[in-house]
Structures are given as structure tokens and as C-alpha cells.
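Read through the structure below, which is laid out as C-alpha cells, and then see the notes.
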Amino acid sequence: MSTNVSSENGGKTANTDGNSSVGDLNQPLRYSPAEIEPKWQARWDADASLYAAEGHGIGEKGLGKPKYYCLEMLPYPSGQLHMGHVRNYAIGDALARHMWMRGYNVLHPMGWDAFGLPAENAALKNGVPPREWTLGNVAAMKKQMRRMGLSYDWSNEVTTCLPDYYRWNQWFFLKMFEKGLAYRKKSKVNWCPECQTVLANEQVIGGRCWRHEDTVVEQRDLTQWFLRITKYADELLEGLDKLEGWPEKVRTMQRNWIGRSEGAHVDFAVAGRDCDDTDATAGPSTRATRLAQDDTSSFQTVKKITVFTTRVDTIFGATSVQLAPEHAVAKMFALEDDALRVKIEGLLAEQQKARESDALGAIEKHGVNTGRFAVNPFNGERVPIWVANYILADYGTGAIMSVPAHDERDFEFAQKYGLKVRRVIVPADVTDEEPALPYLAEDDAVLIGSGSWSGLGCVAAQEKMAAFAKAKGFGTPTVTYRLKDWGVSRQRYWGTPIPMVYCDSCSPDEPMPVAESELPILLPEQIDITQTNGSPLGRVAEFVNAKCPKCGGKARRETDTMDTFVDSSWYFYRYTDAKNSGAPFDSDKANYWFPIDQYIGGVEHAILHLIYSRFWTKVMRDLGMIRNDEPAERLFTQGMVIKDGAKMSKSKGNVVSPDLMIERYGADATRMYALFAAPPDRDLEWQEEGVAGISRFLGKVYRLTTKFAGAARTTNGGSRKGSAEEQVLLRKLHQTIAKITQDFDGRWHFNTSISSIMILVNEITANEAAIDAGEISPAVVSEVLRGLILLLASFAPFFAAEMWEQIGGEGVVFRTAWPVADAELARENEIEIPVQVNGKLVTVVKVPFGSSEVVVKAAALADEKVKARIEGKTVAKVIVVPGKLVNLVVK
RNA sequence: GCCGGGAUGGCGGAACUGGCAGACGCAGCGGACUCAAAAUCCGCCGAGGGCAACCUCGUGGGGGUUCGAUUCCCCCUCCCGGCACCA
């Protein structure tokens, strides 16, 4: 193809400047992304097998090559790519193309996390059906992605809102139900009044909805579906230690989220009223029993309070028992005592208020004395029972033993209310001063005043005392988690219908799974989703009415839909076999590709998506579908894109549109800038002038390449020896190859990769006159230009394709093997050695590469500046670091 | 409060295992080309002093280890992110 065709009239492009040099053969042609990029995009679309990173499965073309699964997190189809996406995909695409050139069979797929609330909101606002709105957005974003030149394998595209995908959500749900991993329970749930639906714990951030920062989440009692993620709590925790390719930050966040703590349950018997302790283990008073009768709960049976503690070794220091205001025993006491009830209700009201102002953590500790007592089973001591606002109802048992001497919060509380403080732990080293209270140490501490346990080390005591409690039947060693089962029910329309029915005649409250053969349970379209309480599907008769799988009679369908995080928990498995209509995927295919070699996305998914998908992987493994324990070998979390010091957001009005950047500077310059402006793991400040700089750089490469294309076409390079200028160019080329290869293998600091390419280009520019004069052979020019273009291929693919064609490169540039750095050519002949005197730089001496210590030292001492500096002084010591520096210590 | 990450020119950043601080780019300044401008090309560009060769200081602050510290150790300040009464 003629080089002139694409660029002859560059004047009408984005870089328009009234270029008047058309037809002037001495004037190099101008870089015009507006012409180059659409041209190559059209070719790539026409021949995906050559240009897309279409992974080839087992038994296909990929055989014999090692596999590489490169994955970026799938986007929500909002309709517009933002800079965060651009950055994410620029990183992933550079890697995919690089691994491709390194000879791997690369899978690099893309899809759409297409269920969710915005589609419903758009429907309500504009009257467009959610499906239509969503698929329209998918088309728009796919167009943007193509425009960016991303190498996705569209033959395995996944769209989660389509029945061929979500039917498998339903299928998994049935499997989990079968295994007891999906269950229904009535519970207090987080309700977002704005979304009109429940939220998982993970979706509540600081008491507010993850999608609506201004909306306080309410607590409601609802019967909901849960997935038993807690069954895998230990494995999810232990697995983190093995995920060495994951950022420490993400692993720490998940550890904290799982929140495992080892401890013990200990039963404190509830004593009778006031001083009536004749029967400490007797049931509550008859009055309580009577009052409780109109309540269906089991107050009558409450004879004890089970506390959870991680420090059972301090139990002799327990001077009260503290209950959460919601605790059943607190409720029981409240029924007996109106004054107490008012106070407890006061605590609850205050909690609710604090939650609304997002000040739950800052609330001052206080509580009420119930006037009742509990009995410490270890020493028989009666201690008062309090209800306190700092006790969490949903952690542990909602009740604690308060040990003021050895717990900060208990200490603060005891000080406020004048409760007893009794020290039962002291440092093992008796020479130490008695430490101030509260004293928290356990490793080097021993028990005192603890009966027969006194003298034991804390850690040993914890184990022995818990075992003792178990033997005596008033306690047990236990493990508590912060992690809760995953509530997946949503009272929304635009999600996967939960494949369950309830039969009116068999058992109205007993869910029954639909038969697998009935899947998919289709989400009805064209329905009214006007926002009111409850599930929109509940008002669609055709949907609700079903047949009972047991008796064949009338049954009602479950009308809640699944949390959209279900969709994204396993989508990357579907990529390996996206068209399979008989199973979620073929196990052999998944086992070939998994685990994902590199997963790339934002750190905001550190908890939600990344813990759910780890859970799902373990479930699928236990179903025998896959072999891997974890979804991804390596995880990379890129930094945010910042503008004017703040994260880009509509509300701040600092959004930079990728479309605008592409229009002005081209996709290549835009994505290359996203890699150049900062290391990928750090936040990136978007500066348009920087994009312009990259565009100028590409223009320079364009000018040089087109100018010397003729030389490059005549030979394939291969020149190894030559003039000094030739050697300088080849050396710089091979140094750059080595540097970039290293960057991809290691730190991914593509900002320095690109900078090294710029240095190479500056070197070519510096030798431009020599090339013009024919002092550098075409073979060398060819080798350098070919290498340069191959190095650029991962970062600026449209540009590289065009340049490759211009220099007459064979085949597809991305299918060309990655160049291998020649260490011999890369080596410097002469190196500069800094010479210091007493650690301060004095001069730099040149010595041949590989000079011995003696030679380097002699060169340093022979230097005039050095001589002047040490004149009249004694050289006490000479430090020579071969290849690095010389330091003279003088006195 | 706890856990991460960070602080280097006017700006983004570089210096990978302790060895020439400021690579590369942006912005700025000066020059060439041009009737002029744009584009392009060349030069300068941490601070202070000096006509100059050069000298002194300098990687958030204080101390330490070392021939030598942006890098390692101790203490402190500030910024960003996450978690936050988890017993």
C-alpha cells in the first residue's frame, strides 16, 4: 500500500494546520491519527482472527503454546467509557498484546455487567425499557472500545442480562439450594429507601448506601435469600496467604472483612431479681413468664446469657455483663420493668439517630443498670447485668463479660459508672513495674487472682479455661467472624429471577426449586416498574402464577431478583465457553484457561466482587466443575484517574471525556498518555498538555519512520558491526528492548518503558544527519526502525500497524515475535565512573567497560581535579565499586 | 484509634539490590525558520552566590548507621485510601 494515500491530505484532520506541503516530496508527511486509526480499525473488525487476542482453546490453534488469560474487570454499561476504564483497558491491552508477541496463546475477553438499578431508573425517567436502554449502551461502549483499538475477543462476549447468561445464575442457585448453600431466613436487613431494596452488608458504607452517599440505610425485618459464604470463611481467609500475586492491601482488606477471631462462649446464669439469689440458675420470674406469653419468642427459656470473649483468661476480672440493647434478655427485663424499658428504648433510638448522622463510632459509651445479676461460672461471683450502647447485637452473641482492667472500652465504661476494676493479669517479668490499666498484653503476661488458674500464661490459660468450660458444660471454644452470609434478594425488576416457587396448598412458606429443565425462568418484558414498595415482579400475574412442582396445583413464583454481584461472581468462567447452551461452561475449557493469569481492575472491588468471586470459585470446585481453588493467580489494582486534585466525577464537574481526547489526539496518544503519566498502580493526574506531548512524540516517530522507510524496506537488518554511530544506535535499541522486556516481566512501570522509547527516538534524531549522509547503513536503520515499531506495538497499536506497513514489515506487527535484547550489542564500550572525595562528587572519569579495580583507581587518581582536591592530604582509604564509583577518603 | 499507601523542581514523575538526585514529558524562557503567526528545529531550565572557572545548600522535619542515604533503622509532621465500639 502506498504511503501517500493515508496521509497526503493530513490537513483536514484533527491536527489541522493548513499544511501546504502536499506534493512536496522533500517534506515528510504528517502524523494523522484521524486517518490511520479508522483505517486499521476497519481491518481489525474484518479479520478478528489476525488482530484480536482471541484465545484458542484446547485442541485448537493455541496448542503447543503456553496459555495466558489476561482479564480486565467487566464494566457496567452506563453508555459512556470514562478515563478509569481507558486506563484499565490500556494496561490490560498492552499486556495482552505483549504476551501475544511473547508467544503465548492469549485469552483477552470482554463483557457487560448489564443488570442493575440504573437501567430501571433510566426506564422510569425516559420511558425506555431497561433491556433496550442497556443493550443500546452496550453497543455504544463497544464502539468506543473498538475505537480505542483494544484487542478483545468479541467472539466470547458475555452480557449478563441476557437469558443465555442469567439462566446459569439460576442453575447455580438451584445447585446451591440443593447443597444447602442457598437458604431463606427472616432477618434484619439493610434497606435503602432510594433503591427501594435491600443491600448486602458489603454494600453499606458508613451506614449509607453504596450507590447513594446521601441516603441513610434503614433496618427492616424481611425474609430474604442468603448464600452461605460463611461456610467458606476459613478457606477464604487461609487462601489469602497463598495469593502472593495479589496486592497486600487487598489481602488485608479481605482479612479484616472476614474478621475471624478465636475465643470462647461462656454461659453466665441469670440470677433472680434483686438480692434473690437463692436459685441462680432458675428461670426468669413468673411475671416475666406471664408477660412473655403474648410474645412468640422463647423468653421463658432464657436462664442464661452466653457471652463471647477472646480473653477468657481474664474472666476472673469480669465485673459486669453487658448486653446489646436488642438482646433477648434485655427485652425480657424490659417487659418486667417499665422504667428500664424506657431507658433501653432510649438507647435504641439514640443508635438509630447516630446511624443517620453516620456517627455510630463516635457515640459516647453509656448504658443502664438492669438491677439484675449474672453468675460467673468460673468463680460463682454475682455481677450486675447492664445494657450498653457499645455492644453490637450482630457480632458474637450480642453479650459480653466486661473486664475493665484488661479492655479499653470496658475500662472507659467502668470509669464512667464506677464499676469495679479488678486486675487479673500482670507481666511475667516480676521486675517490671505494674503497668497502668487497662493492661492488654497477653503474650508475656500471667494470671493472678484467678483461683487455680493463677500463674498460668495468658495464651495457655485461654485454651485450658475454654476446655474446662466445655468439660463442665457452661461454655465452649468458638470462632466468630465478622463476615455474614451474603443476602442476595433484591426487590427489583432488572435482575435474575430467583428460580423458586411457593405452593399454596403444599406449604405456602416452604420454597421449592423449579425443575432444571424449566430454566431459564425468563424475566418478563414490557412491565410496569413504577417505584413502590415490594418487588415489581409481584405485580406481573403471568410471572407470579406457576405450577407446583410437587402437587401440580397453583403456586407463586419468588418475585425477588438476585443481587447483581451474583452475575459478576463467575462471568470470567463463561468467557472460556460463552456460547455453551448446555452448561455454564465446559469443564475442560475452563480447566485449560484457569486460573486467570492476570486480573486487572479498580481497588474499589477489593471486598465485594473479589470476595464473592473467590467464594463462587470454591463452590464450583466443590461441585466438581473446575479444579482451581482461586479465580486469579495475579491481581493488579490500578490507581484512580484524578483531575485538578480530585477523582473525576460528574458532581465535581471535572470529567474529561475519552471521546474528546481521542478526537483531538487519537486513541493511541490517549491510551499511551494513560500509561505514561504515572506508574499504573498510582493515582494519575490527567493533564491534556501531556496527551498533546505524546501526540507530538508519535508525530516525530512518524516523520522519522516515513522519511527512512525506503532504507528500512531494502533490508531486514541484521547488521552487527559498523561505525561508532551505528553502534550507538544499535546499543540504544537493544538497551531499550531489555528495559521494556524487564518492565513487562516485573514492575509494570510503563511510564518508564515509554520514556525509554522516547530516549531511543531522541538518539535516532541526534543521528538523523548521519543517516541522511549515508553514514549509517540501511541495515542498521532498518533494524532500529523495526525494533522501535515492535516496542510501540503494545502501547500504540494503530500507530504501530501503520508504521509497520510503511516500512514494509511482513505480516501483522502484533503477530511478530517480540525482539530479543542482544546483551553484547547493548553493552557500553566506555563507562563513566563518578569519583568522590569524602563522599562528595568531584568529577567523572571515563574507563573502558569492564576495567579492573586497579585501572579505575589509577584513572581516578590521575584526574587533575582529584589531584587538586587531595593535594597535601593523606588518602586514608580508596573505595572502588567496579562499574559504579570511586570514593577517596582523605584526612 | 487501627491497617495500607504516599511526601523528590513551577507540574506529572525518574533514580530497580545503599553509589553522578531531578531521566522522560509538560509548562516556562531564549534563539532559528517565517512578512507574520502556527507547526517544526536548536539551546536554557532545583535554590543561593560568582563576570567566570566554580562554590555552597538541596529528596516533608529531627536523630542514627555507613567511605557514601531519596534508598536502611528510630522518632515526629502532614496528605490520600480503607476499616472503625468486632469484645
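Here is the naming used below: chain letters follow the sequence lines, and residue numbers restart at 1 for every chain. Quick caveat, the model's predicted, so the values are computed rather than measured. Both backbone and side-chain heavy atoms feed into the values below; hydrogens, waters and symmetry mates do not.
Spacing between atom CG of A:L885 and atom P of B:C67 amounts to 14 Å, rounded to whole angstrom units. In this structure, CZ of A:R482 is placed 14 Å from P of B:G82, rounded to the nearest angstrom. Counting to the nearest Å, the P atom of B:G68 and the CD1 atom of A:I833 are 20 Å from each other. Straight-line distance from the CG atom of A:N256 to the P atom of B:G82: 14 Å, rounded to whole Å.
Residue A:Y673 is classed as having no contact, given no heavy-atom separation below 4.0 Å to the nucleic acid. Using a 4.0 Å heavy-atom criterion, one finds that A:L392 contacts the bases of the nucleic acid, with or without backbone contacts as well. Note on A:N762: only backbone sugar-phosphate atoms sit closer than 4.0 angstrom, heavy atoms only; bases stay farther off. A:V889 comes within contact range of the sugar-phosphate backbone alone, with a heavy-atom separation under 4.0 Å but no base atom that close.
In summary, A:R255 and A:D241 engage in a salt bridge, as defined by a charged side-chain N under 4.0 Å from a carboxylate O. In summary, A:D863 and A:K865 do not engage in a salt bridge, as defined by a charged side-chain N under 4.0 Å from a carboxylate O.
For B:C41, the OP1/OP2 oxygens have no side-chain nitrogen or oxygen of A:R696 closer than 4.0 Å. Residue A:N751 places none of its side-chain N or O atoms closer than 4.0 Å to OP1 or OP2 of B:G12.
Among the nucleotides B:G12, B:G19, B:C67, the one closest to the side chain of A:K884 is B:G19. The side chain of A:T752 lies closest to B:A14, out of B:A14, B:C26, B:A39.
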